[in-house]
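Notes for the one structure printed next.
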Protein chains: 2
Amino acid sequence: MQQRCNKVFMVNLLKSKNISETPFRKEVLEIFSKYNNAIPLSIVEKELKKYNRITLYRTIKVFLEKGIIHKITISGEDSNYAICQEECNTDAHRHQHIHFKCKKCKTIYCVEINEFPAITLPNYKVEQLEIQATGLCENCNV
Amino acid sequence: MQQRCNKVFMVNLLKSKNISETPFRKEVLEIFSKYNNAIPLSIVEKELKKYNRITLYRTIKVFLEKGIIHKITISGEDSNYAICQEECNTDAHRHQHIHFKCKKCKTIYCVEINEFPAITLPNYKVEQLEIQATGLCENCNV
DNA sequence: TCAATAAATGCAACAACGTTGCAATAAAGT
DNA sequence: ACTTTATTGCAACGTTGTTGCATTTATTGA
């Protein structure tokens with residue numbers, strides 16, 4: 001797998017998606033890669049040296065459109081965002097991972113999964129599945 | 001299964017949850033049971049004879065807390081709500097159903113499922129799964 | 001390297017969604 | 001029927017996210 005945690009990679013990521021590499025965007029990307037897991041905008045906000053609400057929203061929007069990050073919505077919580085581990089394109093975010101939220105430390109993990117469960121429903125044609133799990137993560141399950 | 005589509009049931013539902021039966025609450029419940037599927041607040045709003053935004057929010061909040069309805073959040077969409085088909089309590093909404101969104105008619109269904117898939121992740125203790133599917137529903141898959 | 005062009009940023013203002021305090025009203029219990 | 005308790009509705013506010021426009025920064029090409 002490609003290394004996704006250094007500045008060179010970040011710049012290449014921006015270049016490969018055909019968007020200009022600005023200090024703001026690089027900083028946001030570095031924050032996402034520093035946290036390996038999904039984080040809400042409130043964390044990005046705190047980490048940013050120079051925070052601007054509007055610019056952040058626009059940056060996130062562009063990153064989502066370009067498939068650099070993806071959005072994780074868990075009922076009743078802030079939206080969380082994480083760097084896409086596979087190649088995503090704008091239309092089909094067919095991740096082979098599930099989103100796991102630890103009920104103790106509240107961390108949201110994108111967990112790669114080998115055997116993605118298949119579900120067949122009578123009368124429905126299932127084309128895509130999105131799975132969210134809750135429980136205890138490695139660190140909290142002691 | 002209990003019948004969940006008549007006024008008597010609605011009143012009993014309110015009684016059994018120990019909340020007073022007001023015209024507003026009964027009307028909201030009837031709207032939910034009229035639509036068999038999950039609906040956003042915008043639909044409830046249109047169906048209400050006398051709509052009050054604040055009262056609706058509070059009613060929804062109470063219904064959620066009492067386990068009368070549950071909330072379905074699909075990334076990037078309005079929240080949807082549907083009557084709980086099984087007994088829910090406030091803490092554990094361990095539904096044996098998945099949420100299915102038809103990509104054509106946009107309807108969101110709560111689909112009961114017999115064999116709920118089991119997922120085991122190395123290093124994670126999975127306690128609960130929430131599954132959202134997209135595809136084509138019975139009516140649109142022709 | 002530097003000017004010309006294109007894109008990103010920041011401000012002000014707005015819109016949607018949701019909440020809170022408080023007074024008025026309706027439901028429940030006696 | 002009356003008292004108590006809960007619900008409703010209004011005004012006002014907070015949060016989240018967007019848009020138009022002027023300014024600043026990045027990119028391109030000579």
Side-chain angles (χ1 to χ4, degrees), chain A residues 7-8 10-32 38-66 68-81 90 108, chain B residues 7-8 10-32 38-66 68-81 90 108:
Chain A
K7 297 195 182 189
V8 177
M10 292 306 147
V11 171
N12 287 338
L13 186 54
L14 293 173
K15 275 201 180 118
S16 73
K17 300 289 183 180
N18 266 316
I19 56 176
S20 12
E21 41 176 285
T22 66
F24 194 95
R25 286 177 176 166
K26 281 190 270 186
E27 205 188 343
V28 171
L29 270 188
E30 277 156 30
I31 293 166
F32 275 117
I39 51 172
L41 292 191
S42 56
I43 287 187
V44 181
E45 171 185 339
K46 277 185 213 113
E47 295 269 343
L48 279 168
K49 286 192 279 285
K50 192 165 143 289
Y51 164 64
N52 180 280
R53 210 171 59 93
I54 293 143
T55 308
L56 180 55
Y57 277 124
R58 282 200 268 231
T59 302
I60 294 297
K61 205 175 182 183
V62 170
F63 284 4
L64 286 171
E65 282 163 1
K66 296 288 178 175
I68 293 174
I69 59 174
H70 64 283
K71 187 178 181 176
I72 299 156
T73 311
I74 294 181
S75 182
E77 312 204 18
D78 290 355
S79 289
N80 281 260
Y81 302 88
T90 313
I108 294 174
Chain B
K7 298 195 183 192
V8 177
M10 292 305 146
V11 170
N12 286 338
L13 187 54
L14 292 173
K15 273 200 179 119
S16 73
K17 300 290 181 178
N18 265 317
I19 57 176
S20 15
E21 40 174 289
T22 66
F24 193 95
R25 285 176 177 166
K26 281 190 269 186
E27 205 188 344
V28 172
L29 270 189
E30 278 158 29
I31 294 166
F32 275 116
I39 51 173
L41 292 191
S42 57
I43 287 188
V44 181
E45 171 186 338
K46 277 184 214 114
E47 296 268 342
L48 279 168
K49 287 193 278 284
K50 193 164 144 290
Y51 164 65
N52 180 282
R53 208 170 59 94
I54 294 143
T55 307
L56 180 55
Y57 277 125
R58 282 199 269 230
T59 302
I60 294 296
K61 205 175 180 181
V62 170
F63 284 4
L64 285 172
E65 283 164 1
K66 295 289 180 176
I68 293 174
I69 58 174
H70 64 283
K71 187 178 182 176
I72 298 156
T73 311
I74 294 182
S75 181
E77 312 203 19
D78 290 357
S79 289
N80 281 261
Y81 301 88
T90 313
I108 294 174

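Protein chains get the first letters and strands the later ones, always in sequence-line order, with residue 1 at the start of each.
Each of B/Glu21 and B/Ser79 was matched to the nucleotide of DNA chain C holding its nearest heavy atom; the match closer to the 5' end belongs to B/Ser79. Residue order along DNA chain D, read from the 5' end via each residue's closest nucleotide, puts B/Asn52 first among B/Asn52 and A/Pro23.
Atom CG in A/Asp78 sits roughly 10 Å away from atom C1' in D/dT15 (whole-Å rounding). A straight line from CG of A/Leu48 to C1' of C/dA8 spans 15 Å, rounded to a whole angstrom. If you take CD of A/Glu45 and P of D/dG17, they are 11 Å apart, rounded to a whole angstrom. Atom NZ of A/Lys71 and atom P of D/dT16 are 13 Å apart (whole Å).
Note that CZ of A/Arg58 is 9.0 Å distant from NZ of A/Lys61, once rounded to the nearest 0.5 Å.
The phosphate of D/dG9 has OP1 or OP2 within less than 4.0 Å of a side-chain N or O from B/Thr55. Between D/dT18 and A/Tyr57, no contact under 4.0 Å exists linking OP1 or OP2 to a side-chain N or O. An OP1 or OP2 oxygen of D/dT8 is reached within less than 4.0 angstrom by a side-chain nitrogen or oxygen of B/Thr22. Taking side-chain N and O atoms only, B/Lys61 has a distance below 4.0 Å to OP1 or OP2 of C/dT20.
Looking only at side-chain heavy atoms (C-beta outward), A/Ile60 and A/Ile69 come within less than 4.5 Å of each other. Counting only heavy atoms from C-beta outward, the side chains of B/Lys17 and B/Phe63 never approach each other to under 4.5 Å. For the pair A/Thr73 and B/Ile74, the minimum side-chain heavy-atom distance is 4.5 Å or more.
The base of C/dG10 lies close enough to the side chain of A/Arg58 for a donor and an acceptor atom to sit less than 3.5 Å apart. Remark: the A/Arg53 side chain and the D/dG17 base include a donor-acceptor N/O pair separated by less than 3.5 Å.
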